[in-house]
Amino acid sequence: MSNSNNVLIIGAGIAGMQASLMLAKAGKKVVLVEKLPIIGGNTIKNEESFPNLECSTCMVAPVQQDVLQNDNIEVMTLSEVKAVNGQVGNFTVTINKKARYVSLTECIGCGACYEPCPVSLQNEWEENLGKKKAIYVPCDGSLPNVPAINSGHCLRLSGKKSCNACAEACMFGAINFSDKDEQVKIEVGAIIIATGFDLYGGKLLSAFGYGTLPNVYTSMEFERLYASNGPTSGELLLRKGKKLPDSVAIVHCIGRKELGYCSGVCCMYSFKYAHFIKDKLPEATVYNIYSDICVPNKSYQSFYNKIKDSNSTFIFQSAPDIVQIAGNNGKLQVKLTAGKGSKNSLNVDMVILSCALVPAKTSKELADILGIERDRKGFFQTRKGYIGTVQTSVDGIFTVGCAEGPKDIEDSVIQAESAVGEVFSLLG
Amino acid sequence: MKKIQTKGVKISSNKDYRDSIVDILKKMLQSKSVDAVLVPMRVPAKDSYAWILVKDEKLLTEADPAAPIMPIQGARALSSFSRKGQSMLKIAALMRPCEIRATIELSKLNQVNLENVTLISYDCPGALPMEDYLNDPEKGEKKFNDILKKLDFQNKSIKPVCKICDQFSLLPVSDLHFTLFHDQNNTMFLIANSNRGNLVLKEIGMEASHTVSAWANGIQEIKDKRAAQKKGRFTQIKKMVEGFNSLLATFSDCIGCHNCQSACPICYCRQCYFDSESVTSGTDLTMLKAKKRGSISLPQNRIMFQVGRMSHMSLSCVSCGLCTDACPVSIPVAEIFSYVAHNTQKQFSYSSGENKGEPIPLKTFKLEEVKGIQELVEDAEA
Amino acid sequence: MSTKIGIYICECGPNIADNINIDEVIERISSSEDYKNKQLIIKPYKLLCSNEGKEYLEKEIKDNELTHLVIAACSPRDHEITFINICKKTKLNPYLYKMVNIREQCAWMIPDKKKATEKAISYIKAAINRVLHQSVLIEKQLDSNPNVLVIGGGITGMETALSLASKQRRVYLVEKNSILGGNAQSFKNLLPRQENNTDLVAKKITAIQENENIEVFTDSKLENAVGFFGNFEVTVKSTKKDQTANEFVVGAIVLATGFALMPTEKLKKHAYGKDDNVYTALEIEQMMKAKGKIVLKSGKEPKSVGLIHCVGREDRGYCSRICCNYMLKIISYLKDQSDTILIKDFYKDLCLPHKYDQEYFDTMAKKKVDFIRISDITTKKTHITYTEVNGSKKEADLDMIILAPAMVPAEGTEELAELLNVPLHPTKFFQEAHSQLNPIGTSLEGIYIAGGCHGPQGISESVLQAKAVQGKIVTQLIPGEKIIPEVKVSEIIPDFCMGCQTCREVCCYGAITFDPERGICVVNEAICRGCGNCVGSCPSGAIRAKHFTTIQIHQEMKEAIS
Amino acid sequence: MDQVLTIKKSTEAGLIDLLTYLLKNKKVSGVCSLRKTKKQGKFDYALITDPELLHDVVPLHPLMPVNAGKMLSNMIKMEMPVAAVIKPCELRSFIELVKRSQGKLENFLLISYTCGGALPLTATVENKVDTMLPDYGKTVAAGNEFEHIREICKACEYFVPFNADATVSLLGETGADSTCKIFLHSDKAKEILQGFEVEKTEDEFDRTGYDQIRERRKKYKEELFKQIKIQDTGLDGMIDVFGRCIGCHACSRVCPICYCVLCDFESSTYDYDNTIMEQELSRKGGLRLPSDTILYQIGRLSHMSFSCIGCGQCTEVCPSDIPVSVIFRKCGEKVAEIFEYIPGRDVNEQVPVTIFKEEEFEEIGEE
């Protein structure tokens, strides 16, 4: 086991960061690879995390600070794993590092370079609800607080015009247009995959009018509306029509039938939305269209009871994901399958689709690179015949968090900590 | 509240109350049911009283169970003996009801260990103010004997707080109780009010066979009268202390000597918080404060000490009156603190010294209190 | 040696320099009356957090032999650690250093440059005043004992013990019953993929017996545990007559005491105990393990079976997560036994959070099982009256009823929590330190919780938590490595303490103990986290927080308000 | 040579002018003196920095709510000195505290006066001060002792301040209500009051002029001491006198010489645990609780009586009306005589406890 002291962790979400901190504190050298320019993963996208509605960014920021300031952790942002060979205790990994064009040591994140940049793009980190410049940080409070330049759209880097606006504005000469992509080879003893999840969405939601009806939102879009550092800094401004909604329908279990699994967390984040809407707009009426209430943790039921009692109406639908949504002169009509006593349709200003959690887009390619099996849902498969393990089909490679299957933050962190346990059993 | 016993031992003898009580205490010592008795006794110069823990029976003859004045609070005397842990000796302490209640409060603050202690109370007709007694001890003695003989519970010369005291008789916490209620031939009853009390009764060969309901009704009458007087007096006190200016005026004589704190049984701290560095640390801030306000009164923090002491101990205050006795500038501290304690204890529906198990509100909290605070916050926001 | 204070003002590029007149700050402070008899060095620098900035600071501290350091720059959240590391490198005690935030709190926040400068000056003077009253605090190093005590010999306890035991780390496993295995050994098949359970628990037990680094105490319970992370003195007593007690020292304690099912008297509502043919799911599992098939008390096979979910969920206030799954397993037992049994399954919600659960449900739903979603249900003997979710009331008469009672903490959990001063969750399971960032630790460092006692969960979650505890202990309690406890703790002045123990009662980490000989309370500096509760609770002001004494705060405020 | 200021006003008005001058022209950072409070007939000591608030100052009133020397002791840091108007015994208390590094002389401009004795606290409590003042003024002007002043003041020989920066002549000043005579002794006083335009002459303050008063007071002191019969009856005498003591330690709290944060008799050293008390109880058959009230008195006598000024505050605050100050003065004087030591006379005169002289050994040798 020549370099049994180094570990590669793919994905810098809450699970990846927790695992790297624990390994680093125990003296292991960790390489943390993250495809975005910032670390924090999906957790920092939501404003509050259930069940005690703690501010997610305030909870995660100290963890991010620890990761960035820990000498044993080498953070590689804008990077992706390209090839892995060797076996446990001796993997050689090639990583493609995209150029950031801004020096991580020189820049202090003062933000003087954003304003002069002439290019304006859709900010996909904000679910395209906000705009960003060619030189950008995904959101306020990003860590590392250093921008990156989108070489495809930057006038100078894409060769359209010899623009130098950001470099002139920078007091510290931190911008370096001659920065190059590079490929790095490292030797590690074990690999932990913590690439998280994506949201069931896109074209599959067209049946619910998403994309055509402006005031239909996916849950991640609503999270960004909800976020105080988001595009609307916490105001529930609708895309079209009146500014603030008077009535909102939250439809649970979107994608459950088609994917064949319940994600276990959508009920809880839907209740979080109901709580936030009633808090922000006390007069608004909130409809929760649900089938099963899935509250699989000792603290979750009491949060559900609080929502149930705080006058937000619950409408049972045997299969919520077959409701039809149609525009009705400015409002949205949600057609329900008439049950005894329940109305057959609702007229609301806004619909939130609580979408299921699906494997990250990169999972297929990563599975081939690592040579590990994926289960029939597309998540990474843990070793057959073992109960309660995070080891994949290949020795020395572990999968934690939503990369292994949909789960809440608590279970993701528990899996990350158990992966550290298994790494030490394996490498010593 | 525990059910008050209805049966008692009848003690009828031609002797006056005090001698009868001393006889019973002697019996306790002889029967080894207790090893020592804590009783008040006159000092050799005959001008005051002191608490004496008596082991030798012969000394007991000079004991004065119902002393006319309260120079030292019984709870403070007992605490000085049993603070450091359970003593091997079984002790009986014969104290006024307010002294017993103070002992219970101190036990909750781990300043008194009640393991081997039998608490004996008696119907207390009140106590004379120290100032009047010290001017002429003999006259004080005669006056108090007269009160005892006539059992004149409405006498005018007793301390102001005693005039409004409605907890002067049997308490759920005392093990034994001597009733002084008068019926033609000078009889007295001894009631056992706990298992330990019953055990002592058995050991001294006494049997509680007489009903004491007549005594109980009599006491209740006096209690109702006292309660009415208390309400009346509190409305007067309210005017004296409500609002900063009236508070300032009432305490304008205060010279910051903290006598009230040293005499108080509940104030057990070796160094009071208001003398600790946390309050006095800003000595060179004096000049700064003086510049900011134009002038400051010296010594500093006299009013803060009063209000601070209220916030620290009023929940345990038993209105025993020693603070007024100790005050050199005769501020009615006892009645003011008794008024404040009445209100703060009502807020937590807690009455000091009434039951051993109940923790002091300062040290715990009940869920409704938190809700209460929530409502306060919501009202404030609304 | 004489005090020499170094004050360094960071321009932070444009951020501070643009909105604060740094030269005026320097001039006003160096000429002020208060410091004329003090040696004071005050200098600006363009960017203190850059590498050159750090070297500059190191040189300044060494050359001027500074004894105190004040940095006026950005928010401590950004770079406090950077400057503390510089202090450590240059042998300047990090507790004689103070950071002042003149960027977020002055430059960025106050548009008027004059006012911002004024505020910066008063903040820096306040910091100087405070630093002068700060005292040196030395970080102590305590040696740690690597051994671990695991309480509870169920699947979780065994898994933790096996994964932790090694030559340098001895594990003591305490089990209150006479055999290991806990609840897991009474299941025939195991979720989620129905592995046969015959050998899972047996294999673990043999592995434990063979492992010489694990010492097992059956029929025993924890008598006492005193101490702190890295040094718990533990006494384990056997519950049998001979009452032998063993004492040893461990560095960490793992609570794996498991779960129990809701007490049977609560199940009376569902005729449990009144009729022979009303069983709990656990009894069915034991029957399958023993007899291999499900039969009535009369020995005959049931023709119709009713399964009732969520029994006791309202009383306990939480969903027990795995009942839906194991009720499906029981349905599969019944289906394998004979296809003719009429099965009615009454549920309120389906809790199928794992990625395969829904599929498992769909396969069962295809097998002619009557899944009925109900809003209310009552039973008398085996006669069930229920209202469906759409409101219609129905009744059913069945041969056998199987209940899925709520999972509750095992018996003895409350006493253990009391003994170790570990807080309990409102649902009476153990309370984790932080549900997201530290889910298997407790508020007491060095005491961990895993398995059924953490919350209702299945075997795979319990095994995961066991491994997570291994991860935590392996990375925090490293054999041979020292432990550095919190330094900014509180101290009790013995002369002024009257032993009223109010502080002991408000300390949520159990760091304060009462010393009966001296009759005073004492702070155990290894456990204390410096939260300051006790300082506020002491009526006689006898407790002082080391880095936050009243004098320090007074002096800081004095400058800020004057 | 002293500089004498004579102001054509009543003594108190003249002194108030002086204080106003000092404060208005920023010669001092504050004035510490007695003043009327908002409540009619009540007075307290105050530190005043705003000249406008000087109008209700009554610096020469014969009242002593607290010992001013003790209050000045914990004022440490200030740019300019504070002008303090204090009685001779308060000044001597402050000097004793300075000897124990509990205060700094350079922080203050100490103005004292020839003192005619102070009224007891009961005077302010019963609002009799205003009614008594005129008679008090006349008797003091005539150089006699006003009948209602405190016993200990009637027995006070050191009514003339030893080392004040300035002395207001009050006792025996017949024209007190029309002319105010202030003697400036120290250079500091002269320098600070340079710009104060009043009639200034050179003269020497005549300390001997008060011998007749001093004799009378000495005689009164002898009788007072006779009433206390402690020294010839030993412990029984102590028990007779201190039997009433309730151990509240009020006397040490108000005493200027008792500056300890935690008095040894309040510390845990005197918290006996049960075994000691049980042995004592079985030996004597009875045990007074709380114990050690007499031990405390003896202890305090040994710790500080040689420095006892006789300011009388302890008697004022004793809840059992024990004449503590007379006892402590009597005992203190006996001890001080052996060392020819007058407490508070001169800041450079070391406290007897801290030094020893060779000849003391000879006396021990003789005995």
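Every heavy atom of this structure was used, including side-chain atoms; hydrogens, water molecules and symmetry mates were not. Residue numbers start from 1 in every chain, and the chains themselves are labelled A, B, ... in the order their sequence lines are given, proteins ahead of strands.
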Using non-hydrogen atoms only, which part of B:I296 is less than 4.5 Å away from chain D: side chain, backbone, both, or neither? both
Check each of D:T122, D:V254, D:V317 against B:P328 using the side chain to side chain contact (heavy atoms under 4.5 Å, CB included) test, and report the only one that passes. D:V317
Per-residue contact mode, D:L47 against chain B (heavy atom under 4.5 angstrom): both
What part of D:I246 gets within 4.5 angstrom of chain B, counting heavy atoms only: side chain, backbone, both, or neither? both
Highest number of heavy-atom pairs under 4.5 Å with chain D: which of B:M88, B:R293, B:E131, B:M130? B:M88
Please determine whether the number of non-hydrogen atoms from other residues, nucleotides or ligands lying under 6.0 Å from atom CD of D:Q40 exceeds 12. no
Do D:S268 and B:R270 pass the side-chain contact (heavy atoms from CB on, under 4.5 Å) test, and can you show the C-alpha distance, the side-chain angles, and the key distance before you say yes or no? CA-CA 9 Å; D:S268 48; B:R270 204 185 301 283; 3.8 Å; yes
Residue from B:N259, B:L78, B:D35, B:L248 scoring the most non-hydrogen pairs under 4.5 Å with chain D is B:N259
Side chain from CB out, backbone as N, CA, C, O: work out which of these in B:S297 comes under 4.5 Å of a heavy atom of chain D, or both, or neither. both
Give, for atom CE of B:M287 and atom CE of D:M80, the distance between the pair rounded to the nearest 0.5 Å. 8.0 Å
Atom group of B:E57 that falls short of 4.5 Å from chain D, counting heavy atoms: neither
Among D:V66, D:V31, D:V261, who wins on heavy-atom pairs under 4.5 Å with chain B? D:V66
Using every non-hydrogen atom in the two residues, find where B:A36 and D:L281 come nearest and quote the distance to one decimal. CB-CD2, 4.1 Å
NZ/D:K284 to CG/B:L53 distance, rounded to the nearest 0.5 angstrom? 11.0 Å
What pair of heavy atoms forms the shortest contact from D:R244 to B:S48, and how long is it? CG-CB, 3.8 Å
In terms of heavy-atom pairs under 4.5 Å with chain D, the winner among B:V43, B:V54, B:L134, B:L38 is B:L134
Hey, is NZ on B:K46 packed in by over 12 heavy atoms from elsewhere, all under 6.0 Å? yes
So, the part of B:D275 with a heavy atom under 4.5 Å from chain D: the answer is side chain
Let me know if D:L53 has heavy atoms under 4.5 Å from chain B in its side chain, its backbone, both or neither. side chain
With only heavy atoms counted, which part of B:R42 is less than 4.5 Å from chain D, the side chain, the backbone, both or neither? neither
About how many Å separate OG of B:S252 and NZ of D:K42, when rounded to the nearest 0.5 Å? 5.0 Å
Output the distance between atom CG (D:L287) and atom CG (B:L59), rounded to the nearest 0.5 Å. 11.0 Å
Which heavy atom of D:N274 sits nearest a heavy atom of B:F81, and at what distance? ND2-O, 4.0 Å
Can you tell me how far CD1 of B:I72 sits from OG1 of D:T293, rounded to the nearest 0.5 angstrom? 7.0 Å
Counting heavy-atom pairs under 4.5 Å with chain D, which one of B:R83, B:Q271, B:K58 comes out on top? B:R83
Between chain B and each of D:T37, D:T275, D:D240, count heavy-atom pairs under 4.5 Å; write down the option with the most. D:D240
When every non-hydrogen atom of B:S80 is compared with those of D:P290, the smallest separation belongs to OG-CA, 3.6 Å
Under 4.5 Å from any heavy atom of chain B - which part of D:D44: side chain
B:S295 versus D:R35, side-chain donor and acceptor atoms under 3.5 Å: yes
Spacing of CE belonging to D:M71 relative to CD belonging to B:Q300, to within rounding of 0.5 Å: 10.0 Å
Between D:E126, D:E266, D:E278, who has the most heavy-atom pairs with chain B when the cutoff is under 4.5 Å? D:E278
With a 4.5 angstrom heavy-atom cut-off, which part of D:R288 approaches chain B: side chain, backbone, both or neither? both
